[in-house]
K.L.:
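Structure below; questions to follow.
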Amino acid sequence: MKVVIVGGVAGGATAAARIRRLDEQADITVFEKSGFISYANCGLPYYIGGVISDKQHLTLQTPENFYRRFQVKIKIHHEVTAIFPHTKTVLVKNLETGVEFEESYDKLLLSSGAKPVKLPFKGSNSEKLFTLRTVEDTLKMKEYIHKNQPKSVIIVGGGFIGLEMAENLRELGMNVTIVESLPQLMAPFDSDMAAFIHARVRKKGVKLLLGHLVEDVYEKKDSMEVLLQNAMALQADMVILAIGVVPDTAFVKNAGLKLGIKDSIIVNQRMETSIPDIYAVGDAVQVKHFVTGADALISLAGPANKQGRIAADNICGVDHKFSGSQASTVIKVFDLTAASTGINERIAKDLEIDCDKVILSPMSHAEYYPGGKIMMMKVLFEKETYRLLGAQMIGFEGVDKRIDVLATAIRAGMKSYQLAEIDLAYAPPYSSAKDPVNMVGFMIENIKNGMVKQWYYEDVYKLPGDGSVILLDTRTSDEYNYRHIKGFINIPLDELRERLGELDKMKSVYVICQSGLRSYIASCILMGNGFDVYNFAGGFRFYDTVKNDSFLIEQSTPCGMDN
């Protein structure tokens, strides 16, 4: 069996190694248009920032090492430019010599990945304008920074690459500005959770221009200029475009393959395309979202590796199906960790999924053990069925552990209230006897059993201010006097039972505290005394961060920015 693989990195290299393990006699050739067959794509920003000091650490395998171990022929700087399914051949161009030739196959695997979105800016060919996708991109940027010592950079795009580059270049001492057309960074997060990312990024000295569309980028004599729609232009020593990626599939368009979102390749669960004996994996393919079942593009290394293994199994006659991706992600944001899995509230609403949520801010480990840090959690579930839909977490430690537990629970089809029953490891330096994941389950269990009703940040400005409802802050008087929501009265939790007579049982009560715990206890007291009570989801800490972020976004303009 002769197998041709187009593209290496996560999907293609994984598939090649797996095919060899399953079939010692297979003739396997990989064509890769870059100069590297397998590299740590996710580590590229950290090489530029100096966290990874040796560029050799970026390359996981060399063609020579790969051949010695797996007897797979690796042809770097070779680009497949066309596919001819009727003759089972591909057209290949040697990028070093310019020579073109045809290569036959019995089975063809496409792992061409994705390419950065590039807009037709005037400065597209400037040596001061960069994208980051390959090792070559990384080395080019690293060399420019070393040679020119730029003092400022504008990053267009606030996704994973944009945020990671902002951190690494800020750590190098550069003045960093992120321009994002959306009103928030990191689209996998809801805007309320993204507020915590914004706060940390700003605290680290990165300037944010959210909700600003870039119209053009061009080179001036000593700098790059970025033109914004309805705002002043920005200037910096260099510009990085990190506005997303699109499937790199131009070479397949005349082959007759069925294409999907953004010309991605449509595959079934066996990673088979619409043409027999042609498979596709990775960032170039359209997949099903595990939670929603909807078609999606999910450009992540984890799913690409899994798909490469599954395609290899099916090429070799082993039945193996891909059940979809739930887009589990994690990112380091300076000293903060942000992670998500499943879908967010915005997507749920767009898909008309009737969802509810719990928001909490537990400690990363037992409060009495030194060094614990607060984390913010938001978990979504479907009303009526209590199916877990997604989770978002932001904190300083323990975030990756909890998001992986929640991702596993989603994959296992657990009901959200069953999180209360998960038996998790506990020791004071690592967790609490009631782990934050268990706490999520307890909270949803209370909602399910009618023990608590919630109100949310988006309800704040809908609350009547005419005295027809009671707005109650149960924090201490010092906390209340420092900052509180206008219209709320203060009765500290520990005084509530003695002061119930001050409250009218004929009015609904909307309760808030710092984190949601004291207000929950207050809700139980009030409900036990015949009141109709609603507990604020997330607490004042959550409210204050989101409100402050909303104000800063509304007020942000390029005027007076120090570039």
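Heavy-atom basis, side chains included; hydrogens, waters and symmetry copies ignored.
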K.L.:
Under the side-chain hydrogen bond (donor to acceptor under 3.5 Å, both in side chains) rule, collect the residues that match up with S328, sequence neighbours excluded.
P.N.:
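So S328 forms a side-chain hydrogen bond (donor to acceptor under 3.5 Å, both in side chains) with T341.
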K.L.:
Considering only residues two or more places apart or on different chains, which pairs with a residue in residues 291-301 satisfy salt bridge (Lys or Arg N to Asp or Glu O under 4.0 Å)?
P.N.:
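Sorted pair list: K288-D295.
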K.L.:
Is a donor from one side chain sitting under 3.5 angstrom from an acceptor on the other, for H198 and D549?
P.N.:
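Yes, D549 and H198 have a side-chain donor paired with an acceptor closer than 3.5 Å.
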K.L.:
Using the side chain to side chain contact (heavy atoms under 4.5 Å, CB included) criterion, which residues pair with D544? Sequence neighbours excluded.
P.N.:
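R483, F540.
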K.L.:
Over all heavy atoms of both residues, which pair between N438 and A420 is shortest? Give the atoms and the distance, please.
P.N.:
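So the two residues come closest at ND2-O, 3.6 Å.
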K.L.:
What verdict does the side chain to side chain contact (heavy atoms under 4.5 Å, CB included) test give for D222 and K220, after you've listed the backbone C-alpha separation in whole Å, the side-chain angles of each residue and the deciding distance to 0.1 Å?
P.N.:
CA-CA 6 Å; D222 298 317; K220 299 182 75 174; over 6 Å; no
K.L.:
Using side-chain hydrogen bond (donor to acceptor under 3.5 Å, both in side chains), reason through S191 and R346 one step at a time and then give a plain yes or no.
P.N.:
CA-CA 9 Å; S191 59; R346 182 180 64 255; over 6 Å; no
K.L.:
Can you check whether H146's main-chain N or O pairs, donor with acceptor, with Q149's side chain at less than 3.5 Å?
P.N.:
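Between the backbone of H146 and the side chain of Q149 there is a qualifying donor-acceptor contact (under 3.5 Å).
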K.L.:
Restricting to pairs with a member in residues 124-138, which pass salt bridge (Lys or Arg N to Asp or Glu O under 4.0 Å), not counting sequence neighbours?
P.N.:
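Passing the test, one end in residues 124-138: K128-E219, R133-D283.
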K.L.:
Going by the salt bridge (Lys or Arg N to Asp or Glu O under 4.0 Å) test, which pairs reach into residues 239-250, not counting sequence neighbours?
P.N.:
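The answer is K33-D248.
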K.L.:
For the pair Y456 and D356, evaluate side-chain hydrogen bond (donor to acceptor under 3.5 Å, both in side chains) and give the outcome as yes or no after the intermediate values.
P.N.:
CA-CA 10 Å; Y456 311 100; D356 203 349; 2.5 Å; yes
K.L.:
Check for a donor-acceptor pair, side chain of N446 on one end and backbone N or O of M451 on the other, with a separation under 3.5 Å.
P.N.:
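Not at all, since once roles are kept as given, no pair shorter than 3.5 Å links the two residues.
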K.L.:
Which pairs would a plain distance check flag for residues 115-125, meaning a side-chain donor or acceptor within less than 3.5 Å of a matching protein atom at least two apart in sequence or in another chain?
P.N.:
{"residue": "S124", "atom": "OG", "partner": "L119", "partner atom": "O", "Å": "3.4"}
{"residue": "S124", "atom": "OG", "partner": "F121", "partner atom": "N", "Å": "3.2"}
{"residue": "S124", "atom": "OG", "partner": "F121", "partner atom": "O", "Å": "2.7"}

K.L.:
Taking all non-hydrogen atoms of both residues, which atom of L360 and which atom of M376 are closest, and how far apart?
P.N.:
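Nearest heavy atoms, L360 then M376: O-SD, 3.4 Å.
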K.L.:
Between T14 and A10, which heavy-atom pair has the shortest distance, and what is it?
P.N.:
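In this case the closest contact between T14 and A10 is OG1-O, 2.6 Å.
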K.L.:
I'd like to know if K357 pairs up with E458 as an ion pair, taking the criterion as any Lys NZ or Arg NE/NH1/NH2 lying under 4.0 Å from an Asp or Glu carboxylate oxygen.
P.N.:
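The answer is yes: the pair qualifies as a salt bridge.
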K.L.:
Passes side-chain hydrogen bond (donor to acceptor under 3.5 Å, both in side chains), T249 versus D263? Steps please.
P.N.:
CA-CA 7 Å; T249 56; D263 287 334; 5.3 Å; no
K.L.:
So which atom in P436 and which in R402 form the shortest heavy-atom distance, rounded to 0.1 Å?
P.N.:
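Answer, listing the atom of P436 first, then R402: CD-NH2, 3.5 Å.
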K.L.:
Check whether any side-chain heavy atom of T474 lies under 4.5 Å from a side-chain heavy atom of I512, and answer yes or no.
P.N.:
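Side-chain contact under 4.5 Å: no.
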K.L.:
Quick check against the 3.5 Å criterion: does D435 have a side-chain atom that pairs as donor or acceptor with the backbone of V437?
P.N.:
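Side chain of D435 to backbone of V437: a pair is present.
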K.L.:
With the side chain counted from C-beta on, respond yes when R411 and T408 share a heavy-atom pair under 4.5 Å apart, and no when they do not.
P.N.:
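Sidechains of T408 and R411: no contact.
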K.L.:
For a 4.5 angstrom cut-off between non-hydrogen side-chain atoms, does I145 reach M238?
P.N.:
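Side-chain contact under 4.5 Å: yes.
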K.L.:
Taking atom types as modelled and ignoring hydrogens, do the side chains of S340 and T329 form a donor-acceptor contact shorter than 3.5 angstrom?
P.N.:
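Looking only at side-chain atoms, T329 and S340 do form a donor-acceptor pair, the distance falling under 3.5 Å.
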K.L.:
Applying side-chain hydrogen bond (donor to acceptor under 3.5 Å, both in side chains), name anything that partners S523, two or more places apart in sequence or on another chain.
P.N.:
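So S523 forms no side-chain hydrogen bond (donor to acceptor under 3.5 Å, both in side chains) with any residue.
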K.L.:
Could you tell me the separation between the OG atom of S111 and the CD atom of Q307, rounded to the nearest 0.5 Å?
P.N.:
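Taking OG in S111 and CD in Q307, the distance rounds to 9.0 Å.
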K.L.:
Can you tell me if R170 uses its side chain to pair, donor with acceptor, with the backbone of K204 under 3.5 Å?
P.N.:
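Yes: the side chain of R170 pairs with the backbone of K204.
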K.L.:
Which pairs with one or both residues in residues 172-192 pass salt bridge (Lys or Arg N to Asp or Glu O under 4.0 Å), sequence neighbours excluded?
P.N.:
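Found D190-K378, D192-K378.
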K.L.:
Which ring pair (Phe, Tyr, Trp, His ring centres under 6.0 Å) pairs, counting each pair once, include a residue from residues 152-189, with sequence neighbours left out?
P.N.:
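Listed once each, the pairs would be none.
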K.L.:
Is K142 reaching over with its side chain to a backbone N or O of Y47, donor-acceptor style, under 3.5 angstrom?
P.N.:
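Side chain of K142 to backbone of Y47: a pair is present.
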K.L.:
Who pairs with A199 by side chain to side chain contact (heavy atoms under 4.5 Å, CB included), at least two apart in sequence or on another chain?
P.N.:
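In terms of side chain to side chain contact (heavy atoms under 4.5 Å, CB included), with neighbours along the sequence ignored, A199 is linked to no residue.
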K.L.:
Could you work out, with side-chain hydrogen bond (donor to acceptor under 3.5 Å, both in side chains) as the rule, every residue matching Q418, not counting sequence neighbours?
P.N.:
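Once residues adjacent in sequence are excluded, Q418 has no partner under the side-chain hydrogen bond (donor to acceptor under 3.5 Å, both in side chains) criterion.
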K.L.:
So which heavy atom on I52 is nearest to which on G43, and how close?
P.N.:
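Closest heavy-atom pair between I52 and G43: CD1-O, 3.6 Å.
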K.L.:
Can you label the angle between the W455 ring and the F488 ring as parallel, tilted or perpendicular, going by 30° and 60°?
P.N.:
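Parallel: the ring planes of W455 and F488 meet at under 30°.
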K.L.:
For the CD atom of Q326 and the CD1 atom of I410, what is their distance to the nearest 0.5 Å?
P.N.:
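It is 5.0 Å, given to the nearest 0.5 Å.
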K.L.:
Is there a donor-acceptor pair under 3.5 Å between the side chain of E225 and the backbone N or O of L227?
P.N.:
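Such a contact is absent between E225 side chain and L227 backbone.
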K.L.:
What's the spacing between K207 NZ and I154 CD1 if we round to 0.5 Å?
P.N.:
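One gets 10.0 Å once the value is rounded to the nearest 0.5 Å.
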K.L.:
With T476, which residues qualify under side-chain hydrogen bond (donor to acceptor under 3.5 Å, both in side chains), at least two apart?
P.N.:
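Checked T476 against side-chain hydrogen bond (donor to acceptor under 3.5 Å, both in side chains); matches are E479.
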K.L.:
Should F542 and M193 be marked as a side chain to side chain contact (heavy atoms under 4.5 Å, CB included) after you check the CA-CA gap, both sets of side-chain angles, and the distance that decides it?
P.N.:
CA-CA 9 Å; F542 177 80; M193 293 297 285; 4.2 Å; yes
K.L.:
Backbone N or O of V206 within a donor-acceptor pair of the R202 side chain at under 3.5 Å?
P.N.:
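No, R202 side chain to V206 backbone: no donor-acceptor pair under 3.5 Å.
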K.L.:
Q286 and G260: which non-hydrogen atoms are nearest, and at how many Å?
P.N.:
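Minimum heavy-atom contact is OE1-CA, 3.3 Å.
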K.L.:
Under 3.5 Å, side chain of S152 to main-chain N/O of D237, donor-acceptor pair present?
P.N.:
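Side chain of S152 to backbone of D237, a donor-acceptor pair under 3.5 Å: yes, one is there.
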K.L.:
Is K373 salt-bridged to E397, cutoff N-O under 4.0 Å?
P.N.:
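Salt bridge absent between K373 and E397.
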K.L.:
Is there side-chain contact between L44 and M141, with at least one heavy-atom pair below 4.5 Å?
P.N.:
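Not in contact.
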K.L.:
Using a 3.5 Å distance criterion without hydrogens, assess whether the side chain of D335 forms a donor-acceptor pair with backbone atoms of F396.
P.N.:
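Answer holds: no.
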K.L.:
If the plane angle is over 60° it's perpendicular, under 30° parallel, otherwise tilted; pick one for Y510 and Y534.
P.N.:
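Geometry flag for Y534 against Y510: parallel rings.
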K.L.:
Which residue is it: I359, V358, I394, L406? I am looking for the one with a side chain to side chain contact (heavy atoms under 4.5 Å, CB included) to M377.
P.N.:
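The side chain to side chain contact (heavy atoms under 4.5 Å, CB included) with M377 is passed solely by L406 among I359, V358, I394, L406.
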